[in-house]
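Atoms considered below: every heavy atom in the structure, side chains included; atoms not considered: hydrogens, waters and symmetry mates. Bear in mind that the values here come from a model prediction, so they are computed numbers and not experimental data.
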Amino acid sequence: QVQLVESGGGLVQAGGSLRLSCATSGRTVSSYIMGWFRQAPGKERNFVATISRSGGQTSYADSVKGRFTISRDNAKNMVYLEMNSLKPEDTADYYCAARSGAFIRLTDYEYDYWGQGTQVTVSS
């Protein structure tokens, strides 16, 4: 099992940047494919980005491609989401998730462990 704790959210102006962090504990993070999802108020939770165990493979939602970067530091048991050129429509609660399976996946039901989330608000 792995425990996940997100941090780094906050209020930022449009065009600004934030770096979200996901601290993991329990089983080593290198055992998991990791992902970031987000949920805006009144909307369903959506995929943002995912990264393979080694970090060699990543995938992004079209809405964040070119602006967000997912990365991981297995030695530190950390996962990150660098968010640049933020837009008001990026406003949401952001969740870190871990998947035990062999391949990266883009749907939330295929992830086994979740953090509590961190709020990101982008003002126009």
Side-chain angles (χ1 to χ4, degrees):
Q1 244 184 351
V2 64
Q3 292 77 45
L4 310 174
V5 179
E6 303 92 336
S7 62
L11 174 64
V12 64
Q13 287 189 331
S17 299
L18 281 175
R19 186 195 199 201
L20 304 185
S21 298
C22 176
T24 73
S25 59
R27 192 175 178 190
T28 178
V29 72
S30 60
S31 300
Y32 299 96
I33 291 164
M34 300 299 295
W36 285 95
F37 291 78
R38 66 186 181 185
Q39 186 169 21
K43 297 188 177 181
E44 63 183 17
R45 186 165 56 190
N46 290 321
F47 166 75
V48 175
T50 185
I51 188 167
S52 62
R53 291 187 177 86
S54 67
Q57 185 181 7
T58 59
S59 183
Y60 297 90
D62 287 343
S63 59
V64 307
K65 205 170 291 184
R67 299 189 298 123
F68 290 12
T69 302
I70 187 171
S71 61
R72 64 192 299 160
D73 186 334
N74 287 340
K76 294 182 178 179
N77 286 312
M78 296 290 295
V79 181
Y80 306 99
L81 184 68
E82 186 76 34
M83 306 187 297
N84 298 314
S85 302
L86 282 162
K87 305 175 182 180
E89 50 263 44
D90 295 318
T91 294
D93 291 327
Y94 283 71
Y95 297 89
C96 178
R99 168 176 158 76
S100 303
F103 304 104
I104 63 171
R105 290 290 185 265
L106 313 186
T107 48
D108 59 358
Y109 62 82
E110 295 185 277
Y111 285 75
D112 304 295
Y113 304 99
W114 292 84
Q116 298 286 350
T118 185
Q119 188 174 55
V120 172
T121 303
V122 184
S123 63
S124 57

Point to revise | Sequence-distant partners of Ser123, side chain to side chain contact (heavy atoms under 4.5 Å, CB included), two or more places apart | key: Leu11, Gln13

Exercise for review: Run through the side-chain heavy atoms of Ile, Leu, Val, Met, Phe, Trp and Tyr, join any pair under 4.5 Å, and report what else lands in Met78's cluster.
Suggested key: Tyr80

**Study point:** Pairs involving residues 1-17, ordered by first then second residue, that meet salt bridge (Lys or Arg N to Asp or Glu O under 4.0 Å) (sequence neighbours left out)
**Key:** none

Practice item. Just jot down the side-chain hydrogen bond (donor to acceptor under 3.5 Å, both in side chains) partners of Thr107, sequence neighbours excluded, or say none. Key: Glu110

Practice item. Write down the atom of Ala14, the atom of Ser124, and the distance for their closest heavy-atom approach. Key: CB-CA, 4.3 Å

**Study point:** With sequence neighbours excluded, residues passing side chain to side chain contact (heavy atoms under 4.5 Å, CB included) with Ser85
**Key:** Arg67

Study note, to complete from the structure: By side-chain hydrogen bond (donor to acceptor under 3.5 Å, both in side chains), Arg45 pairs with (sequence neighbours left out) Asp108

Review point. For Leu106, which fellow cluster members are found when Ile, Leu, Val, Met, Phe, Trp and Tyr are connected by side-chain heavy-atom distances below 4.5 angstrom, either directly or through intermediates?
Key: Ile33, Phe37, Phe47, Tyr95, Ile104, Tyr111, Trp114

Practice item. Scan residues 68-84 for pairs that pass salt bridge (Lys or Arg N to Asp or Glu O under 4.0 Å), counting only residues two or more places apart or in two chains. Key: Arg19-Glu82

Study note, to complete from the structure: side chain to side chain contact (heavy atoms under 4.5 Å, CB included) filter on Lys43, not counting sequence neighbours, yields Ala40

Check your understanding: So, the side chain of Arg99 versus the backbone of Phe103: is there a donor-acceptor pair under 3.5 Å, distance only?
Key -> yes

Review point. Tracing side-chain links under 4.5 Å among I, L, V, M, F, W and Y, which residues wind up in one group with Tyr32?
Key: Val2, Leu4, Val12, Leu18, Leu20, Val29, Met34, Trp36, Val48, Ile51, Tyr60, Val64, Phe68, Ile70, Val79, Leu81, Met83, Leu86, Tyr94, Tyr113, Val120, Val122

Review point. What pairs meet the salt bridge (Lys or Arg N to Asp or Glu O under 4.0 Å) rule with one or both residues in residues 23-40, with sequence neighbours excluded?
Key: Arg38-Asp90

Check your understanding: Got a sec, which pairs hit disulfide (SG to SG under 2.5 Å) with one end in residues 11-124, sequence neighbours left out?
Key -> Cys22-Cys96

Exercise for review: Any chance you could lay out the side chain to side chain contact (heavy atoms under 4.5 Å, CB included) test for Asn77 and Thr28, step after step, and finish with the verdict?
Suggested key: CA-CA 7 Å; Asn77 286 312; Thr28 178; 3.5 Å; yes

Check your understanding: Got Ser7 and Thr118 here, is their nearest side-chain heavy-atom distance under 4.5 Å?
Key -> no

Review point. Is any side-chain heavy atom of Val5 less than 4.5 Å from a side-chain heavy atom of Gln3?
Key: no

